[in-house]
Amino acid sequence: MARKPLIAGNWKMNLNHLEAIALVQKIAFSLPAKYFDKVDVTVIPPFTDIRSVQTLVEGDKLLLTYGAQDVSAQDSGAYTGEISGSMLAKLGCTFVVVGHSERRTLHGEDNDTVLAKTKAALKNGLTPIVCIGEGLDIREAGEHVAYNVEQLRGSLAGLSAEDVAKVVIAYEPVWAIGTGRVASAADAQEVCAAIRATLGELASPDVASGVRVLYGGSVNAKNVGEIVGQTDVDGALVGGASLKADEFATLSAIAAGGPLP
Ligand SMILES: O=C(CO)COP(=O)(O)O
């Protein structure tokens with residue numbers, strides 16, 4: 001099954017709502033409509049920016065989409081500080097990142113939490129971008145494939161094949177995030193292929209062949225071409241480079257197969 005590449009810009013805790021508008025305008029200006037036939041481009045700003053991004057995207061009929069960096073596992077109620085899936089759906093979000101390594105590590109999210117958040121996203125018609133990835137110790141011990149397969153199984157446990165078909169998976173080796181140390185294209189392919197094989201077991205090979213599997217970790221305009229050129233890598237989850245309009249537009253264009261904007 002042909003999979004359209006997805007480039008997702010995870011802004012993390014950067015940019016206020018005014019800065020968000022400026023960045024989205026610049027990206028949209030740098031990336032004319034023709035690219036969007038060949039690549040889906042999405043920005044993932046902080047919660048406080050989303051309403052402004054929505055107004056801009058809808059008002060100017062921009063072709064890029066947007067999403068959130070996290071979602072509550074709960075529907076509503078006494079959960080101070082949490083944001084529900086229905087709130088994000090109401091804001092027109094397409095995607096929500098769940099289980100990012102920064103949340104797994106800094107906020108103690110385990111696979112059960114990630115699974116609950118994945119379900120909350122699906123229940124509200126949002127596409128979860130489910131993140132998995134090994135730390136350096138696991139990689140150096142040569143246990144990265146088994147580790148990622150287990151994390152994937154835990155994060156999707158019990159989902160129906162129909163739901164598995166709706167998710168995006170992001171493989172983000174923790175040692176490659178924000179370090180400038182990108183995994184080699186072969187490293188990315190090895191784990192992304194194992195992810196797809198596991199999706200085949202969890203759902204069916206047919207479903208697995210339609211699910212987009214992204215790589216994330218120090219992706220930039222220089223390395224994205226080789227990474228998304230791998231058979232089982234269908235795009236990228238981009239951190240630092242997604243904060244620079246020119247670079248993000250360029251790497252999106254490369255994922256689309258060119259030409260450069
Ligand atoms: O964590 C990431 C995206 O979610 C990757 O971040 P960097 O691209 O800054 O390494």
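Computed over heavy atoms, backbone and side chain alike; hydrogens, waters and symmetry mates excluded. In listed order, ligands and their atoms are each counted from 1.
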Sequence neighbours left out, cut at 3.5 Å: what donor-acceptor pairs do the side chains of residues 247-261 make with other protein atoms?
from : atom 1 : to   : atom 2 : distance (Å)
E247 : OE2    : A221 : N      : 2.9
T250 : OG1    : D246 : O      : 2.8
S252 : OG     : F248 : O      : 2.8

| request: With side-chain hydrogen bond (donor to acceptor under 3.5 Å, both in side chains) as the test, would you mind laying out the steps for S155 and R104 before giving the verdict? | output: CA-CA 12 Å; S155 303; R104 288 182 187 262; 3.0 Å; yes
| said: With heavy-atom distances below 4.0 Å as the criterion, list the atoms of ligand 1 near N10. | reply: 3 (C), 4 (O)
| task | Name the closest protein heavy atom to atom 6 (O) of ligand 1, giving the residue it belongs to and the distance to 0.1 Å. | result | K12 NZ, 3.3 Å
| When you measure from atom 9 (O) of ligand 1 to every protein heavy atom, which one gives the shortest distance, and what is it? | G240 N, 2.8 Å
| Polar side-chain atom of R153 near backbone of L202 as donor-acceptor pair, under 3.5 Å | no
| note | A student checking ligand 1 against A176 at a 4.0 Å heavy-atom cut-off should list atoms 10 (O)
| message | As a quick check of understanding, evaluate side chain to side chain contact (heavy atoms under 4.5 Å, CB included) for F47 and Q69, giving each step before the final call. | response | CA-CA 8 Å; F47 289 130; Q69 297 174 18; 5.8 Å; no
| query | Can you list the steps and then say if V97 with R103 is a side chain to side chain contact (heavy atoms under 4.5 Å, CB included)? | reply | CA-CA 10 Å; V97 172; R103 295 213 61 89; over 6 Å; no
| Do side-chain atoms of D110 reach the backbone of D112 as a donor and acceptor pair under 3.5 angstrom? | yes
| said: If the cut-off is 4.0 Å to any non-hydrogen atom of S218, which atoms of ligand 1 fall inside it? | reply: 7 (P), 8 (O), 10 (O)
| field | Close approach of G178 to ligand 1, heavy atoms, under 4.0 angstrom | value | yes
| task | Give the residue, atom name and distance (to 0.1 Å) of the protein heavy atom nearest atom 8 (O) of ligand 1. | result | G239 N, 2.9 Å
| message | Any side-chain to backbone donor/acceptor pair from Y171 onto P173? Under 3.5 Å, distance only. | response | no
| request: Give the numbers and elements of all ligand 1 atoms closer than 4.0 Å to a heavy atom of L237. | output: 3 (C), 4 (O)
| note | Looking only at protein heavy atoms, what sits closest to atom 3 (C) of ligand 1 is E172 OE2, 2.9 Å
